[in-house]
Undergrad: 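The following block contains the structure, expressed as C-alpha cells.
Per chain, numbering begins at 1; letters A, B, ... match sequence-line order.
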Amino acid sequence: MSEAEMPVSMQFDDAAQEHEAATLGMWTFLATEILFFGGVLMAFTVYRRLYPEAFSQAGHRLYPWIGTANTGVLLFSSFTMALAVHEVEGLARRNRLVRYLILTALLGATFIGVKAIEYYIDYREGLMPHFNFHPVEPFEHPIQSQLFFVFYFFLTMLHATHMIIGIVIMLFYVGRTRRADYAHDLRLKIEMFGLYWHFVDIIWIFLFPILYLIA
Amino acid sequence: MNLPQIPYFLSHSASVTGERVDFVFGLLIVFATTIIVIVLAMVLFCVTKYHRHRHANREGAIDHSTKLEMFFATVLTVIALTLFAWAADVYADISRPPADTMNIYVVGKQWMWKLHQPNGREEINALHVPVGQAVKLIMTSQDVIHDFYVPAFRVKQDVLPDRYTTMWFTATKTGTYRIHCAQYCGTDHAAMIGWVYVMTQPDYQKWLDAAPANQPAIAGTPGTVGAPMATQLRSTFNAMGCIACHVPTSSVRAPRLDGIYGQAVKLQNGQTVAADEEYIRESILFPNAKISAGYPQPSLMPSYNGQLSEQQLRDLVDFVKSIRNGWPADATTQPASAEPAKDEPKP
Amino acid sequence: MSELQKTIEPSPPRRLNYINHDWSVASWLWPKDHKRIGVMYLVTITFLFFLGSMPAILIRLELLTPKAHLVTHDIYNRLFTMHGVTMVFFFLIPSIPTTFGNILLPMMIGARDLAFPKLNLASYYVFLIGAILAMVSLVYGGVDTGWTFYTPYSTTFSNSAMTPMIFGIFIAGFSSIFTGINFIVTIHTMRCPGMYWSRLPLFVWSLYATSLIFILGTPVLAITLLLLAAEHAFGVGIFNPALGGDPLLYQHLFWFYSHPAVYIMILPGMGVVSELIATFSRKRIFGYHFVAYSSVAIAILGFLVWGHHMFVSGQSMYAGMVFSVLSFLVAVPSAIKVFNWTLTLYKGSLVLKTPLLYALGFIGLFTIGGLTGLFLAAMGVDVHVHDTYFVIAHFHYIMVGGAMMAYLGAMHYWWPKITGRMYPEGWGVFSAVLVFFGFNLTFFPQFVLGYMGMVRRVAEYDAHFQVLNVLSTAGASILGVGYLLPLGYFFWSLRWEPKAGPNPWNATGLEWQSPSPPPELNFEVMPTVNGPPYDYDTVALHEEGIKHV
Amino acid sequence: MTHMTHAKTKNSTLVFTLISLFVLLGLTVAANKMEHGALATVIALLIASAKAVIVGLFFMDLRKSTSLTRLFATAGLLWIFIMLVLTMCDYVSRGM
Ligand code: HEA
Ligand code: HEA
Ligand code: CUA
Ligand SMILES: [Cu+2]
C-alpha cells in the first residue's frame with residue numbers, strides 16, 4: 001500500500017474506505033441539520049398560513065437589500081471555500097489553501113457583522129421581541145406580528161450560530177495547516193468541513209426569500 | 001341524594017355513544033384475546049413439544065415462505081382496516097353533535113370547572129342534565145389545557161385556552177357520574193373533579209327553577225331560585241356597542257346578524273362554516289380567526305376577548321340567536337350612543 | 001463446566017483482551033474502543049434505570065391508598081415526571097443501542113471498530129452531561145410537567161426547574177444523533193468481506209432501522225425543545241395562545257419525534273429477540289428477509305402516525321382519521337415479526353436457558369402491549385381511554401414487558417462475551433420467572449383501571465379503584481426483587497463464575513468467533529463470511545451442544 | 001475510487017458556478033420587484049431550490065458522489081416534507 005492509500009485510523013482498511021465513510025457521515029449529519037432547521041421552518045409555515053396579513057406586514061419592516069447583500073457575501077464565501085478544498089492536495093499549495101480559508105473566514109465574519117448591524121437597526125426600530133418590541137410604526141396586529149419577529153430572530157440566530165461555529169473551526173484549521181502537521185487526516189477534515197460550510201450557505205439561500213421576500 | 005354510581009368493568013355505559021364505544025371495545029377484546037391465545041398456544045406447544053431433550057419429528061422444517069407471509073400480512077391488513085373503520089365511525093359520531101342540543105358553556109381553570117346552564121344558572125364542579133336529552137358542552141380554558149372527561153359517558157375532550165372545543169352526549173340513565181380533568185394541568189390536577197347529575201326531565205326543571213341565576217351551585221349543595229333574563233339580552237348588545245356596526249343603518253360596513261344563526265357563512269379564505277354558537281362566540285372574542293367573505297382582513301371588529309364576562313358573552317350569543325327571524329321591532333331605533341369601535345381598548 | 005473447556009484450561013497464556021490490555025486511568029476515561037465505551041454506557045445506563053425506578057417505587061406506594069397520604073400532589077407530579085423523563089430519555093432510548101449495539105455491532109459485521117471512535121466517545125460524554133443536567137433540575141426541586149412538557153403549562157404556568165431539564169434532554173439528543181450517524185456509516189462502509197446485506201445479523205438490521213430514527217427524528221426534538229426554552233426564558237409567544245401561538249403545534253412537533261422514539265425503544269429489543277430465538281431454537285430464523293425489512297418498514301412508517309396521541313386534543317377529525325389508519329397499518333410489520341418468531345420455534349430444538357425465557361416473555365408481553373396499542377389507535381375507544389391507566393398499562397407492557405425483557409435477555413446472552421464469565425443459570429431462570437409474574441401483576445390491573453376511568457397523573461383516586469391499585473403495587477414489589485437479583489448475581493459472577501470460553505452457546509454470529517472477552521481489535525484473525533446467517537443446520541443438530549456450566 | 005483519483009472540479013467550473021448563483025440572486029430580487037402574491041412565493045422558492053441544487057452539485061460535489069450519499073442528502077428534505085404534509089393535514093381541515 002502506498003502512503004496515499006494508507007488509512008489514517010486503524011479501524012479502516014484503506015484510505016478509500018475512510019474517505020467514503022467520512023463523506024457519508026458528513027452527509028448524514030447534514031441530513032440531521034436539515035431536520036433541525038426544518039422543525040422551525042414548519043412552525044413558521046403554520047403561523048404564516050394562520051396570519052398571512054400580519055406576517056406580511058411584519059416582513060415588510062425588514063430591509064431586503066441588506067439580506068440581498070448578505071446573500072451575496074455568503075455565496076461568495078462558498079466559492080472561496082470550494083477553492084480551498086480544491087487546493088487541499090499536496091504540501092506545495094499549502095499557502096494558497098491557507099489564504100482561501102482565511103478569505104472564507106473573513107467573508108463569514110462580514111456576514112455576521114452585517115447581521116449584527118441589522119439586529120441593531122431592528123432593535124432601534126423596536127422590532128426585537130422581549131428586548132424592545134415597540135415598533136416605531138405600530139402594527140395592526142401587534143401580537144401576530146411579534147410572532148413573525150420571534151421566528152425571524154430565532155431562525156437567523158440559529159443560522160448565525162452555525163456560521164460562528166464554522167468560522168472558529170476554520171481558524172483552527174488555518175492554524176494547523178500552517179504548522180508542520182499538515183497531514184492526510186487534516187486534508188480529509190477540511191474537505192468535510194467544506195460540506196458543512198456550503199450547507200450553512202444553502203440554509204441561508206432559503207431563509208433569505210422566506211423571511212425577507214415572501215412576506 | 002343519589003350516591004355516586006360505581007361504573008364497573010365493561011358495564012353498560014350511561015350514554016348513547018358510550019354503548020357504541022363499549023361495543024367496539026368488546027370487539028377489540030375478542031380479536032386481541034384470539035390473537036394472544038394463538039400466540040401463547042403456539043409458544044407453549046413448541047416449548048413442550050420441541051424441547052431439546054424431547055424426541056420429536058423435526059423433519060421438514062422450512063425457513064421461509066413468501067406465500068405464507070403475504071397471506072398473513074393481507075389477512076391482518078384487512079382485519080386492521082375493518083377495526084379502524086368501525087372505530088372511526090364511532091369517533092365521527094362522538095365528534096359531531098346532533099342538531100337539537102341543549103348547550104352548556106364550560107370554562108376550565110386551575111383547578112375547577114365552571115358551567116353555565118342555558119338559563120344562566122352557574123355551577124361549579126357540578127353539572128345537572130336531563131336524561132335522554134342531547135347535551136352539548138362548549139368549552140374553553142382560562143389558563144392551561146384541561147380536559148373534560150366523564151368516564152361513564154365514554155367521552156372526553158381537551159379544553160384549550162383561547163379556543164372553543166365542543167363535546168356532546170346523551171345520558172341514558174339517571175344517576176351521578178364522575179367528571180375528571182384528564183389533561184395534566186398542574187399541582188391540583190388530581191382534584192379537578194366533579195359530578196354529573198343526570199335527572200329526569202321534571203326533576204331537572206325543578207332543579208333549574210330552584211336557584212337564582214347568578215348564584216353558583218356548588219357540587220352537592222342544593223341551589224335556590226332564579227329566572228332567565230330574556231329582556232336583558234338586547235341591552236347587553238346595545239351596551240357593548242355591537243349596535244354601532246351591526247345594524248343596517250350603520251356607517252360601518254358590517255354583516256347583518258339577523259338570520260345568520262344556523263346559516264352557512266362563507267369565509268374570506270374560501271371555507272364555509274356553519275354559524276353555530278361556537279362560531280358566534282369566536283366571532284365576538286376573536287374576530288380575526290374567521291373573517292366573513294367580502295370583509296377586510298384584519299377585521300374591523302374589535303376583539304372583545306377579556307372584556308366580557310361569561311354571562312355577557314352568553315347573552316350576546318343568545319341575542320344573535322334570538323334574532324334569527326329578524327330584528328325585534330325597536331332594535332334598530334336604539335340611539336347609536338355607543339362609542340365607535342376604534343376607541344375600544346385594545347386587549 | 002464442559003469437559004472440553006476443562007481440558008483446555010490448565011495453562012492458558014495470559015491473553016490480552018480489551019479489558020486488561022491497559023489499566024491506566026486515561027485509557028478508561030478516554031477510551032476509543034467501542035467495547036469499553038459500551039461498558040461505560042452499560043454501567044451508566046443501568047444506574048439510570050435504578051434511579052428512574054426510585055420514583056416508580058414511590059408512585060406505587062403513594063397509590064396504595066386513595067388519598068394522597070405519602071406525598072403531596074406537588075411532589076407526586078415531580079415524581080412521575082422524573083420517572084418518565086429518566087426512563088424514556090436517559091434509559092430506554094439509549095439502552096440497547098449504546099450498550100449492546102456499541103459493543104457488538106462492529107463485531108457482528110467483522111469490523112475492528114465503529115467508523116468514528118472519537119465521535120462515539122463524544123456521544124458518551126455528551127450523554128453524561130445531559131444526564132447530569134437533568135439531575136441538576138432535581139436539585140432545584142424537580143420538574144412537574146410530565147415527560148411530555150405540554151405548553152402552555154410548561155412554558156408559562158409551571159414554576160419548576162424547567163431550564164436544566166430541557167437542556168439536559170437537548171444535549172442528550174446529540175448523543176443519539178452521534179450514535180445514529182456512527183452506526184449508519186459503519187454498517188454501510190465497514191462490513192467484512194462476504195458480509196452482504198442479506199447476511200447481516202437481524203440485530204444489526206434493527207440497529208440500522210433504529211439509527212434511521214435517531215438521525216431523522218432527534219433533530220426535530222432538539223429544535224422543539226429549543227423553541228420551548230426560548231418561549232420559557234423570554235416569555236415570547238411561540239406556542240402560547242395568548243400570544244398568538246398554537247399549543248397543538250407543540251404537540252405535533254413533540255410527537256413527530258416521540259412516536260418514532262417508541263420504535264427506537266422497541267426495535268433494538270426486537271433485534272435481540274431475533275438473535276435469541278434463532279440461537280436457542282438451534283434453527284435458522286424463519287423468514288429472515290421479512291424480519292429484516294420489517295424493521296426498516298417500522299422505522300419509516302413510524303414517522304407517519306404521531307397524531308394518534310392527539311385524538312382528543314382539538315386536532316381536526318380528518319387528520320385524526322389519517323393518523324389512525326396509518327397506526328393500524330404500522331402494526332402489520334410488527335405482527336410479521338411475532339409471526340416469524342413463533343414459526344422459528346416450530347420444529348426447533350429449544351434450549352430453555354434464561355435468555356430464551358426472556359425472549360419468550362418478550363413475545364407474549366409485546367403482543368399484549370402491541371394489541372392494546374391498537375385499542376388506542378381505534379379512535380372511538382381512545383376518546384374514552386386516552387390519558388387513563390389503560391395507556392399507562394399499554395406502554396409499560398411494551399417498554400417494561402417488551403424492551404426491558406429484551407435488555408435483560410441481551411444481558412444474559414452476551415454477558416459471557418463481554419466479561420468472559422458465565423452467569424448462574426439457576427438464579428437467572430428464577431429471576432426471569434419472578435420478573436414475568438411480577439410484571440403481569442403490576443400492570444394487568446391497570447388495563448382494568450383505565451377502562452373503568454381512572455385517569456393518569458393523579459395522586460388521589462376514587463375509593464373503588466383501590467383493590468386493583470393494591471394488586472399493582474404488590475406486583476411492583478415482586479418485579480423490583482426480580483430486577484435486583486440480576487444486579488447481584490452479575491456482580492458475583494465476575495469473580496465466582498467459571499470462564500465462558502469463546503462460544504458458550506454454540507452460536508453462529510461472528511462475535512462468537514472471537515475469544516471472550518475479545519481482544520482490543522475484536523478479532524485475532526479478521527473474519528470473512530461465506531455462508532448465510534443463522535446457519536444452525538450445519539452446526540450439527542444433535543451435537544452434545546450447549547453445556548451446562 | 002479514492003478521492004485521490006477523483007477527477008477534481010476545475011477552477012473554471014467553480015467560477016462558472018459562482019456566476020450562475022449571482023445571476024439567480026439577481027433574478028430573485030427582480031422577480032420580487034415585479035411579482036406579488038402567491039406566485040411570488042412560488043418563484044422565490046423555486047429560485048432558492050435552484051441555487052441550492054447548484055451549490056449541492058458543484059460546490060459539494062454531489063455530482064460525483066455515490067447514490068447512497070445522494071440518498072441521505074435528500075432524505076432530510078423528504079422527512080421535512082412528510083412532517084409538513086401531515087401537520088398541514090390537521091390545520092387545513094380544522095373547523096370543517
Ligand atoms: C416502546 C414503546 C412503544 C411501542 C412499540 C408502541 C407501539 C404502539 N403504540 Fe404506543 N405508546 C407508548 C409506547 C409505545 N407504543 C407510550 C410511551 C405511550 C404514551 C405516551 C404518553 O402519553 O405519555 C403510547 C401511547 C399510544 C397511543 C396514544 C394513547 C393516548 O394517549 O390516548 C396510541 C394510539 O394510537 C398508541 C398506539 C400504538 C400502536 C398502534 C403501536 C404499534 O406499533 C404496536 C404494534 C404491535 C402489535 C399490533 C402486536 C403484534 C401483532 C400481532 C401479534 C398480530 C395482530 C395484529 C394486527 C391485526 C395488525 N400508543
Ligand atoms: C422504560 C420505561 C419505563 C419503565 C422501565 C418503567 C417502570 C415502572 N413504572 Fe413507569 N412510566 C414510564 C416509563 C417506564 N416505567 C413513563 C414514560 C411514564 C409516564 C410519565 C408521565 O406521565 O409523564 C410512566 C408512568 C408510570 C406510572 C403512572 C404515574 C401516573 O401517571 O400517575 C406508574 C404507576 O404505577 C408507573 C409505574 C412503574 C413501575 C411500577 C415500574 C417498574 O417496572 C419498576 C420496577 C423497578 C424497581 C421496583 C426498582 C428496582 C428494585 C429495587 C431498587 C428494590 C427495592 C424495591 C422494592 C422491593 C419495591 N410508571
Ligand atoms: Cu385540569 Cu387537569
Ligand atoms: Cu405513538
Undergrad: Take the angle between the ring planes of A/H159 and A/W204 and call it parallel below 30°, perpendicular above 60°, tilted in between.
TA: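 If you compare the ring of A/H159 with that of A/W204, the planes turn out tilted.
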
Undergrad: Given a strict heavy-atom distance threshold of 4.5 Å, which part of C/L119 is in contact with chain A: side chain, backbone, both, or neither?
TA: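 Neither part.
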
Undergrad: Quick check for you: among C/L253, C/L226, C/L221, which has the greatest number of heavy-atom pairs under 4.5 Å with chain A?
TA: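 Winner by heavy-atom pair count: C/L226.
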
Undergrad: Sort out for me which of C/I177, C/L216, C/N522 touches chain A most, counting heavy-atom pairs under 4.5 Å.
TA: C/L216

Undergrad: Over all heavy atoms of both residues, which pair between C/N17 and C/P518 is shortest? Give the atoms and the distance, please.
TA: CB-O, 3.3 Å

Undergrad: What part of A/I34 lies closer than 4.5 angstrom to a heavy atom of chain C: side chain, backbone, both or neither?
TA: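 Contact with chain C involves no heavy atom of A/I34 at all.
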
Undergrad: Given that the side chain runs from C-beta out, which part of C/L249 has a heavy atom under 4.5 Å from chain A: side chain, backbone, both or neither?
TA: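 For C/L249, the side chain is the part near chain A, not the backbone.
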
Undergrad: Could you tell me whether A/R61 sits above the aromatic face of A/F139, with NZ or CZ closer than 6.0 angstrom to the six-membered ring centre and within 45 degrees of the axis?
TA: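 Verdict for A/F139: a cation-pi partner in A/R61.
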
Undergrad: Quick check on A/A21 against chain C: is it the side chain, the backbone, both or neither that has a heavy atom closer than 4.5 Å?
TA: both

Undergrad: In terms of the angle between their ring planes, are A/F151 and A/Y47 parallel, tilted or perpendicular, with boundaries placed at 30° and 60°?
TA: tilted

Undergrad: So what's closer than 4.5 Å to chain A heavy atoms on C/Y250: side chain, backbone, both or neither?
TA: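 Contact with chain A: none, neither part.
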
Undergrad: For chain A, which of C/V220, C/T218, C/V236 has the most heavy-atom pairs under 4.5 Å?
TA: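 The answer is C/V236.
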
Undergrad: Side chain, backbone, both or neither: which part of A/Q146 has a non-hydrogen atom closer than 4.5 Å to chain C?
TA: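 A/Q146 touches chain C through side-chain heavy atoms alone.
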
Undergrad: For chain A, which of C/G245, C/A111, C/G180 has the most heavy-atom pairs under 4.5 Å?
TA: C/G245

Undergrad: Please name the pair of heavy atoms, one in A/I112 and one in A/A160, separated by the smallest distance, quoted to 0.1 Å.
TA: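 So the two residues come closest at CD1-O, 3.9 Å.
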
Undergrad: What part of C/P117 is in contact with chain A, defined as an atom under 4.5 angstrom from a non-hydrogen atom: side chain, backbone, both or neither?
TA: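 The answer is both parts of C/P117.
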
Undergrad: Shorter than 4.5 Å, heavy atoms on both sides: which option in C/I184, C/T189, C/L243 has the most such pairs with chain A?
TA: C/T189

Undergrad: Checking C/R36 side chain against C/Y18 main chain: does a donor-acceptor pair fall under 3.5 Å?
TA: yes

Undergrad: Are C/R112 and A/D13 within salt-bridge range, i.e. N to O under 4.0 Å?
TA: yes

Undergrad: Counting only heavy atoms closer than 4.5 Å, note whether C/A222 contacts chain A via side chain, backbone, both or neither.
TA: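 Backbone plus side chain of C/A222, per the 4.5 Å heavy-atom cut-off to chain A.
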
